[in-house]
Every structure is written in C-alpha cells, then in structure tokens.
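Just below is one structure, and these are the notes that go with it.
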There are 2 protein chains.
Amino acid sequence: MNYETLLREHHLKVTPQRLGILSLMHTMGHINIEELYAQIKEQFSSISLATLYKNINAMVENKLVTEVKVPNVKSKYEITKEPHIHLLCSACSEFIDLDLDLHPLLDAASSKSHYELHGSCIVLSGLCEKCQKEL
Amino acid sequence: MNYETLLREHHLKVTPQRLGILSLMHTMGHINIEELYAQIKEQFSSISLATLYKNINAMVENKLVTEVKVPNVKSKYEITKEPHIHLLCSACSEFIDLDLDLHPLLDAASSKSHYELHGSCIVLSGLCEKCQKEL
DNA sequence: ACTTAAAAGATAATTATTTTCCTTTACTAA
DNA sequence: TTAGTAAAGGAAAATAATTATCTTTTAAGT
C-alpha cells in the first residue's frame with residue numbers, strides 16, 4: 001500500500017508522522033490511540049499526543065480512517081476498507097473481521113447459540129479462534 | 001412496566017432516583033447522560049451527576065440497561081430489550097430500531113443505494129421517516 | 001530558493017468520567 | 001417496628017480523555 005498517494009487522494013498533506021501512523025495502522029490492524037501513541041513514539045520520540053489526535057481526526061473526517069466504537073473497549077481505528085462486521089473477542093478484545101454477508105452469523109447471534117450479541121449494537125462479541133481453543 | 005421488580009430482578013436496590021432514571025429512559029427511549037441529567041433534575045433537584053454515572057454503570061453491568069455507542073454521537077442508553085439494530089438518522093441523530101431480520105436492509109446498505117453505512121460499524125446511518133420527508 | 005498555508009510540538013484548557021469521603025437510606029432479621 | 005448494616009446519595013476533588021491555543025517548523029507550489 002502506498003500511503004503517500006493515499007494521503008494525497010484524501011487531500012491531506014504528506015508528513016513523516018502521517019506516514020508513520022498509517023504504516024502502523026496497516027501492520028497492527030485495529031489499534032487504539034494509546035497503543036498507537038506508544039508505537040509511534042519509537043519512530044518519532046517527540047511526537048505530541050495532540051498531533052496524533054489531530055491527524056486521526058483529520059483522517060476520520062476524510063474517511064481515510066474509520067473509528068470503531070464498541071462497548072467496554074476504547075475506540076479503535078483502522079484504515080478504511082470495505083464495509084464489514086467487527087466481531088469482538090470478549091476474552092482478548094481482538095477484532096475478527098467478517099464481510100457483510102453474515103446471514104448465518106446473524107442467525108447464530110439471535111439464537112445465542114454460538115455468538116453472543118454484545119449489548120444491542122450489532123457488533124458481536126465472541127471468542128476468537130485463538131481464545132476458543134484455550135477454553 | 002414495573003421498575004421496582006425490574007431492579008430487584010437485577011439485584012439492585014430500589015431507590016427513588018433509580019426509579020426516576022428508569023422511568024425517564026422508558027418514556028424517552030434512547031437518551032444520553034446529558035439529557036438524562038437535565039430531565040432527572042426536575043424530579044430530584046439535588047441529584048449528583050456522579051450518582052447518575054454510578055447508577056447507569058451499575059445498570060449496564062447488570063445488563064438492565066444497554067449502552068449504544070456510535071460514531072460522532074454521545075453514548076445513548078436504553079432499557080435492555082431484544083437484540084435489534086439501531087439505525088441512526090444522520091440529520092436529527094434519532095435512532096430507529098429494527099429487528100435483527102434485516103437482510104434486505106443489509107443488501108441496501110452494502111449497495112449504498114438507500115442507507116449509508118456509517119463507518120465500518122454495522123450500525124447504519126440514514127434519514128428517519130420524519131427527516132426523509134423534509135428533504 | 002521563496003512564500004504561504006498548514007502541520008508539529010508544547011502547554012493549557014475543556015470535557016467527561018471516576019473516586020473519595022461523609023451522610024443518608026433501603027433492606028434484613030430479630 | 002425497629003436496630004444494624006451494607007449500599008446509595010451527594011459534594012467536591014481527582015483522573016482521564018480530548019481539544020484549543022500559540023509559536024515554531026515544514027511541505028508543496030511558484
């Protein structure tokens with residue numbers, strides 16, 4: 001993925017900090033501000049938290065980045081991709097992404113057999129494969 | 001609805017403040033802390049915001065109340081009911097509730113013809129009937 | 001290179017939420 | 001019904017999260 005053109009396409013100036021943020025977001029998948037700040041500081045030791053917020057906000061406004069809000073977990077951010085479902089593992093708080101063609105999943109959710117509906121939001125909580133095995 | 005038994009069933013002490021909160025939540029539907037505080041103060045002029053938070057949190061933990069988190073809008077709370085979809089009107093920020101049998105809606109969302117997918121969360125944004133007509 | 005608008009960084013300010021501590025109240029069981 | 005107790009309420013302070021302000025630096029077009 002070319003982050004430089006990605007920024008340009010979204011009418012955002014290209015800066016080293018922004019390239020770093022996008023690169024991290026890409027490799028880490030869903031990431032929250034805290035984690036992102038800890039990581040980015042290894043590259044840009046003097047980066048300000050305000051800068052991070054300003055950039056994230058700018059990117060979210062331009063829909064380059066998407067904010068994922070779910071109950072009990074800090075907002076996570078990801079580079080915008082095709083519409084999809086975030087299945088939240090209730091054990092390790094990792095997301096598993098599923099595409100929108102989720103009819104069997106929805107059925108499972110409403111019957112509460114395998115997946116638990118987390119709150120009344122349609123974001124579903126369940127155990128990821130990793131955690132499933134550890135039970 | 002009997003709020004007293006509702007509280008007892010969820011192992012929460014019955015207090016006038018809690019009855020007031022539940023009553024407001026029931027009549028107002030989805031409501032955020034700010035609105036709730038403004039309303040509840042008319043009944044309990046000396047109620048503390050901390051009390052409100054403590055009660056909401058207790059009720060959410062006991063799943064008596066559900067928190068609905070969506071992008072760009074303050075968290076709203078509702079008395080827990082059957083799993084359902086919150087369709088957020090992008091004009092007036094009201095919710096329209098839909099049951100989980102939403103296959104045609106999902107199709108519409110993914111084709112982006114009628115409903116707009118809001119972020120990557122499956123909570124959908126669109127115009128409610130009221131706003132739809134005003135366009 | 002020069003110019004300019006925007007971004008970065010530091011810090012302060014705001015806003016949102018939680019904690020603390022003391023008083024009051026709901027519930028239990030005698 | 002009332003005495004005891006654990007929990008709830010209220011006020012204020014503390015903490016956490018986010019945004020605004022201001023000055024310096026930098027990206028990008030001429």
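Per chain, numbering begins at 1; letters A, B, ... match sequence-line order.
Contact between the side-chain N/O atoms of B/Gln17 and the OP1/OP2 oxygens of D/dG10 is found at a separation under 4.0 Å. Contact annotation: A/Asn55 does not reach the phosphate of C/dA7 (side-chain N/O to OP1 or OP2, under 4.0 Å). Of the side-chain N and O atoms in A/Lys54, none sit less than 4.0 angstrom from OP1 or OP2 of C/dG9. One finds no side-chain N or O of A/Asn57 lying less than 4.0 angstrom from the OP1 or OP2 phosphate oxygen of D/dT18. Contact between the side-chain N/O atoms of A/Ser46 and the OP1/OP2 oxygens of C/dA8 is not found at any separation under 4.0 Å.
When side chains are defined from C-beta on, B/Ile56 counts as touching B/Met25, because their heavy atoms get closer than 4.5 Å.
B/Leu49 places its CG atom 12 Å from the P atom of D/dA11, with the value rounded to the nearest Å. Following rounding to the nearest Å, A/Arg8 (CZ) and D/dA28 (C1') show an atom-to-atom distance of 8 Å. Note: OH (A/Tyr37) to C1' (C/dA10) measures 10 Å, nearest angstrom. Atom NZ in B/Lys76 sits about 15 Å away from atom P in C/dA16, given to the nearest Å. Taking atom CG of residue A/Leu52 and atom C1' of nucleotide C/dA10, one finds them 15 Å apart after rounding to whole Å. Rounded to whole Å, atom P of C/dA7 lies 10 Å from atom CE of A/Met59. Between the NE2 atom of B/His10 and the C1' atom of D/dA8 there is a distance of 19 Å, given to the nearest Å. For B/Ile21 and D/dG10, the CD1 to P distance is 10 Å, given to the nearest whole Å.
Residue A/Thr51 is in base contact, counting any heavy-atom pair closer than 4.0 Å across all strands shown. Using a 4.0 Å heavy-atom cutoff across all strands shown, B/Ala58 reaches no nucleic acid atom at all. Note on A/Ile33: nothing from the nucleic acid sits closer than 4.0 angstrom, heavy atoms only.
Which of C/dA10, C/dT18, C/dA26 sits closest to the side chain of B/Ala50 comes down to C/dT18.
In this structure, A/Glu4 CD and A/Leu22 CG are separated by 11.5 Å, a value rounded to the nearest 0.5 Å. Within the model, atoms OH of B/Tyr77 and CG of B/Leu36 stand 9.5 Å from one another, a figure rounded to the nearest 0.5 Å. In this structure, B/His26 NE2 and B/Ile21 CD1 are separated by 15.5 Å, a value rounded to the nearest 0.5 Å.
Projected onto DNA chain C by closest heavy-atom contact, B/Tyr53 and B/Leu12 fall at different nucleotides, the more 5' of which corresponds to B/Tyr53.
Within 3.5 Å, no donor on the side chain of B/Lys13 pairs with an acceptor on the base of D/dG9, nor the reverse.
Contact record, A/Lys63 with A/His10: O-NE2, 4.1 Å, taken as the closest heavy-atom pair.
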